[in-house]
Amino acid sequence: MLIAEIFHSLQGEGELAGVPSVFVRTSGCNLRCNWCDTPYASWQPEGRQMTVAEIVAAVRTYPARHVVLTGGEPMIAPGIHELASELHELGYHITIETAATVRPDGIVCDLASISPKLAHSAPDARLDVGWRRKHEELRWQPEVVARWIAAGNYQLKFVVSSAEDLKEIETMIQETGAAVPPGKILLMPEGVTVEALRARAGWLGELCKQHGYRYAPRLHIELYGNKRGT
Ligand code: SF4
């Protein structure tokens with residue numbers, strides 16, 4: 001499969017924030033979020049072809065016991081099921097970071113980090129109408145999200161640009177038909193600089209307090225800035 005990067009860092013987002021982890025970033029995505037912070041794995045996918053055995057060997061060179069399969073969209077990478085199973089058999093904790101546009105179909109996973117994309121993710125005129133339509137058709141599939149929720153341990157992570165996004169998030173959760181406890185819903189400010197994150201932190205934190213949602217910082221931005229390999 002095409003791999004953009006494999007690196008050792010601290011998990012920056014979600015309930016495992018701060019945990020040393022090996023990140024395997026597959027290259028290629030079926031969406032084109034306008035604010036995508038990994039364009040080298042989506043808008044302009046790059047990387048090198050690696051076999052599952054090569055990826056596992058690379059992961060084993062690091063001391064971490066947590067592996068994050070991320071992208072791009074890791075669920076469209078050929079061989080992702082086999083990779084997750086092999087790593088799990090070796091005793092690794094597996095997190096899958098996915099926009100939940102592809103069904104889990106039994107993939108081995110200890111934590112599904114589900115990040116459905118809101119309307120504000122729509123790509124602008126840099127992309128042709130075909131891609132903009134595809135993004136809109138695929139980005140929100142409540143039936144697929146419901147399958148991920150039913151499949152095992154999960155967190156639902158939303159990138160929030162403005163307070164108005166809360167209504168959309170609540171509608172989306174209702175549309176899944178799943179009973180999602182507020183503590184499973186993580187709201188993450190949109191932004192790839194410390195300044196942009198701080199500008200949204202105040203009002204977003206207040207909304208989390210009102211609704212019982214979790215505020216999700218982006219630790220890797222605070223520690224390293226928006227750099228590849230972190
Ligand atoms: S789903 Fe993730 S990787 Fe794909 S375009 Fe959106 S933000 Fe980028």
Side-chain angles (χ1 to χ4, degrees), residues 1-7 9 11-14 17 21 23-48 67-78 80 83 95-104 107 109 111-145 147-148 154-162 165 168-169 172 176 186-193 196-197 200 216-221 225-230:
M1 70 185 84
L2 189 64
I3 298 295
E5 54 188 353
I6 298 175
F7 59 94
S9 189
Q11 172 59 283
E13 300 173 357
S21 306
F23 291 76
V24 177
R25 187 182 306 286
T26 64
S27 196
C29 189
N30 54 354
L31 300 182
R32 289 291 184 271
C33 303
N34 207 37
W35 37 256
C36 179
D37 58 358
T38 54
Y40 52 92
S42 57
W43 284 66
Q44 295 99 29
E46 55 186 72
R48 74 179 178 103
V67 175
V68 182
L69 302 180
T70 186
E73 173 50 70
M75 291 303 295
I76 63 169
I80 195 70
L83 177 62
T95 299
I96 298 180
E97 302 268 359
T98 179
T101 56
V102 176
R103 294 178 183 186
I107 194 164
C109 175
L111 174 64
S113 185
I114 307 165
S115 187
K117 300 301 182 258
L118 274 62
H120 64 56
S121 67
D124 60 23
R126 284 176 293 166
L127 282 178
D128 60 43
V129 68
W131 253 114
R132 289 188 306 215
R133 191 178 300 132
K134 180 178 174 185
H135 179 95
E136 206 46 38
E137 283 170 2
L138 290 183
R139 72 169 173 83
W140 174 235
Q141 299 177 60
E143 177 264 339
V144 178
V145 173
R147 284 178 186 263
W148 277 97
Y154 72 93
Q155 61 187 13
L156 262 174
K157 201 170 63 175
F158 293 94
V159 176
V160 180
S161 291
S162 71
D165 292 343
E168 185 179 353
I169 289 168
M172 289 166 96
T176 68
L186 283 64
L187 302 187
M188 192 166 67
E190 193 238 308
V192 292
T193 64
L197 297 177
R200 295 188 163 104
R218 307 191 78 196
L219 181 64
H220 54 301
I221 301 282
N226 187 32
K227 291 200 192 103
R228 282 183 73 161
T230 60

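Note that the structure is predicted; figures quoted are calculated from it, not measured. Every number for a ligand or one of its atoms is a count from 1 in the order of the listing.
- A search for side chain to side chain contact (heavy atoms under 4.5 Å, CB included) contacts involving R200 returns S161, P189, E190, W203, not counting sequence neighbours.
- Shown in contact with G72 at under 4.0 Å from a heavy atom are these atoms of ligand 1, numbered in order with element: 3 (S).
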Would R147 and E143 count as a salt bridge (charged side-chain N to carboxylate O under 4.0 Å, His left out) here? Give the steps.
CA-CA 6 Å; R147 284 178 186 263; E143 177 264 339; 2.4 Å; yes
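- The pair R228-E46 counts as a salt bridge, with a side-chain nitrogen and a carboxylate oxygen less than 4.0 angstrom apart.
- Residues T101 and Q141 have side chains that never bring a donor and an acceptor to within less than 3.5 angstrom of each other.
- For the atom pair CG of L197 and CZ of R218, the computed distance is 6.5 Å after rounding to the nearest 0.5 Å.
- We find the NE2-CD distance between H135 and E137 to be 11.5 Å, quoted to the nearest 0.5 Å.
- Only protein N, O or S atoms were scored, and 1 of them lie under 2.8 Å from atom 6 (Fe) of ligand 1.
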